[in-house]
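These notes concern the structure reproduced below.
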Amino acid sequence: MSDTWAGALQVAALIFLLAVSYRPLGDYLAHILTTRKHLRAEKALYKTIGVDPEADQTWGVYLRSVFAISAVGVLLLYLILRVQHHLMMALGMPKMQADLAYNTAASFVTNTNWQNYYGENTLGYLAQMIGLTVQNFVSAAVGIAVVATLIRGFTRNRTDRLGNFWVDLTRVLIRLMLPFSIVFALVLIAGGVTQSLGDHMTVVHTVNGDQSLYTAGTGSQEAIKLLGTNGGGVFDANSAHPFENPDGFTNLIEIYLLLVIGFALPRTFGRMVGSHKQGYTIVAVMAVIWLGSLAFSTFFEMHHHGLDLATGHAALEGKETRFGIPASALFMTGTTLTSTGAVNSTHDSYSPLGGGAAMVDIMLGEIAPGGTGSGLYGMLVLAIVTVFIAGLMVGRTPEYLGKKIRPAEMKYAALYILTTPAIVLIFAGIAMALPGETARMTNSGPHGFSEVLYAFTSMGNNNGSAFAGLGGDTTWFNTAGALAMLFGRFLPMVWVLALAGSLARQRPVPESSGTLKTASPLFAGMLLGTVLLVVGLTYFPALSLGPLAEGLH
């Protein structure tokens, strides 16, 4: 009962913090993305890299810029991991094997942070800091830059220019990610998260010698890991490790960090399109999905069949006693509905339907509120689909924010919706067809299939969390997983940027009596129905073979 009340209080505190952050952070983000003034440090950087900050780019040039910085990021991170044994503060760690280094480089550049390795036993401090942490900053900023471009597609008319990627990226990094990460790193360190660049910390002296633990610069890496919805932990236990997440206070701050930008971006959207009601509609749908998922997963972790679980009053396996069931389910809901992937409990140990809820959260496309930027652009694509469906119902050309939704826009929206499920299901199907790879499953039957399905759902949607029973450090899983993460990150960006370009070239359509009111409870309900319908039609057959089959057994 005490855990229940503590969990309820933590949910209430979290909602309060997110609510008071919504307006100031959303407005600040809108200012960052729209102001024409450049800071002195930004001007110096533009001059150094040869960028004209006043030059707008077409969607194709913007996309090539995204590809360029991402390709360089994969290459540099791969090289760092392969030569880390020659770097300072390597702590005697050997170089990472080639296929694992490729998987890890793809993972962190795509904002996935899937880890097929044990952090404290694989990476030295410098590889963590100049390799992984740098990509935590850059990959998060790229997502915000892309959604800014889609919003400009609605606000600009009769043009093929959508902004400057290098300006958007620089501003998000310098004005948002860096200062916020510094502040919250200090908050976490004050709360007990470790921060040290010394060698292993000696924690106890025994007759067999000193027992020591890896510490790293955990606090500084933890802040951006969560703020940027990255999720890769310094330690294999991730945010269940007491060095990363010591108590209920840090647990609350960490959940807040992984949600705050995603929930503030609808305010940014509303401000940029000139209608705060549009932002309220989007954030309301996000909040309903988030609260519904939280209630569902918490219920099935607290109440379910089975004598052993009924006697214990809850599914306690895989949960940290520091947090209890409600706070664990709260973290799980936040991390799977964003592209974070950090965990403070073992998702593989959840009840079948509780673990299934985590999988469905990711399958939704992580739109409630989703990753930094990617959640909002995913929701806006679904809003376009909703408007199109409504237009078919009444027999008129659908419009959204003054732009017609024509066949060209619907093709891009359809490609966006179909790309990730195709990646997930194709790779999961291939994995299940390879006897050597199915041998890597700890469990057989529906739960074993759930482990594989969850893995590719997580990688294809750039989440990074996992069902712990799958041993994925094989050449095939590392290679296939890297491809799933790269395709899952960049193919949807192609369709989003192409959609933005198509919208920006249009003439604005004046609102009429027949225009669907998209800032209304009716549209919010339609959008929610579209989200659930799209996921249900796409993934239900696979879910029926995994968590549903196991949960109804």
Side-chain angles (χ1 to χ4, degrees), residues 73-87 89-136 139 194 200 213-218 221-222 224-225 230-241 243-244 335 339-344 346-348 427 431 437 439-442 451-452 454-456 458-460 462-486:
V74 171
L75 178 61
L76 289 178
L77 182 50
Y78 176 83
L79 292 174
I80 289 169
L81 297 174
R82 291 288 287 159
V83 301
Q84 76 147 343
H85 55 301
H86 294 305
L87 301 178
M89 295 183 287
L91 305 180
M93 303 290 185
K95 66 180 180 181
M96 190 178 282
Q97 65 193 57
D99 57 301
L100 182 56
Y102 171 51
N103 181 278
T104 304
S107 176
F108 279 78
V109 170
T110 58
N111 200 241
T112 309
N113 294 35
W114 174 272
Q115 294 174 286
N116 270 341
Y117 61 89
Y118 300 98
E120 61 266 49
N121 296 323
T122 309
L123 295 177
Y125 294 162
L126 200 62
Q128 291 266 16
M129 292 186 295
I130 67 170
L132 307 188
T133 306
V134 168
Q135 291 307 318
N136 284 347
S139 63
T194 61
H200 290 62
L213 292 176
Y214 182 96
T215 56
T218 311
Q221 294 183 62
E222 196 74 10
I224 187 58
K225 149 192 162 178
N230 297 286
V234 174
F235 301 95
D236 182 55
N238 210 275
S239 288
H241 196 291
F243 284 4
E244 286 196 28
T335 196
S339 66
T340 312
V343 296
N344 75 346
T346 304
H347 294 181
D348 192 47
F427 277 110
E437 302 308 325
R440 304 292 296 179
M441 298 186 306
T442 303
E451 291 173 354
V452 175
Y454 191 105
F456 283 105
S458 178
M459 289 185 283
N462 304 129
N463 180 267
S465 64
F467 270 15
L470 179 66
D473 186 13
T474 68
T475 300
W476 189 86
F477 267 114
N478 282 331
T479 305
L483 293 174
M485 290 183 282
L486 291 168

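Since the structure is predicted, the reported quantities are computational estimates derived from the model, not experimental observations.
Considering only heavy atoms from C-beta on, Q221 stays 4.5 Å or farther from N136 through its side chain. Annotation: side chain of T110 is in contact with side chain of L486 (closest heavy-atom distance under 4.5 Å). In this structure the side chain of S465 reaches within 4.5 angstrom of the side chain of Y454, judged on heavy atoms. For the pair N113 and Q135, the minimum side-chain heavy-atom distance is 4.5 Å or more. You'll find the side chain of V234 stays beyond 4.5 Å of the side chain of T194, heavy atoms only. No side-chain heavy atom of D473 sits under 4.5 Å from any side-chain heavy atom of Y117. In this structure, F456 and F477 have side chains that are in contact, with non-hydrogen atoms separated by less than 4.5 Å.
With hydrogens and angles ignored, the 3.5 Å screen pairs a side-chain donor or acceptor of N103 with a backbone N or O of N478. T122 places no side-chain N or O within donor-acceptor distance of the main-chain N or O of G119, the cut-off being under 3.5 Å.
The heavy-atom pair separating G464 from W114 by the smallest distance is O-CE3, 3.7 Å. Considering all non-hydrogen atoms of both residues, D236 and E120 come closest at N-OE1, 2.7 Å. Between H85 and R82, the shortest heavy-atom contact is CE1-O, 3.4 Å. What you find for L87 and A90 is that their closest heavy atoms are O-CB, 3.4 Å. Heavy atoms only, all atoms of each residue included: K225 and S239 are closest at NZ-OG, 3.1 Å. Among all heavy-atom pairs drawn from G481 and M459, the shortest one is CA-SD, 3.4 Å.
Of the N and O atoms on the side chains of N344 and N238, not one donor lies less than 3.5 Å from an acceptor on the other residue.
Separation of atoms CG (L100) and NZ (K95) is listed at 13.0 Å; rounding is to 0.5 Å. The OH atom of Y102 sits 12.5 Å away from atom CG of L77, with the distance rounded to the nearest 0.5 Å. In this structure, the separation between CG on N121 and CZ on F235 is 10.5 Å, given to the nearest 0.5 Å. Distance CD/Q97 to CG/L81: 11.5 Å, rounded to 0.5 Å. In this structure, CD on Q84 lies 9.5 Å from CG on L126, to the nearest 0.5 angstrom. With values rounded to the nearest 0.5 angstrom, H347 atom NE2 is found 6.0 Å from T335 atom OG1.
Checking each of N463, T340, N230 against N111 for a side-chain hydrogen bond (donor to acceptor under 3.5 Å, both in side chains) leaves exactly one that passes, namely N230. The side-chain contact (heavy atoms from CB on, under 4.5 Å) test with T104 singles out one residue from L132, D99, N116, and that residue is L132.
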Trace of the side chain to side chain contact (heavy atoms under 4.5 Å, CB included) decision for V109 with M485
CA-CA 9 Å; V109 170; M485 290 183 282; over 6 Å; no
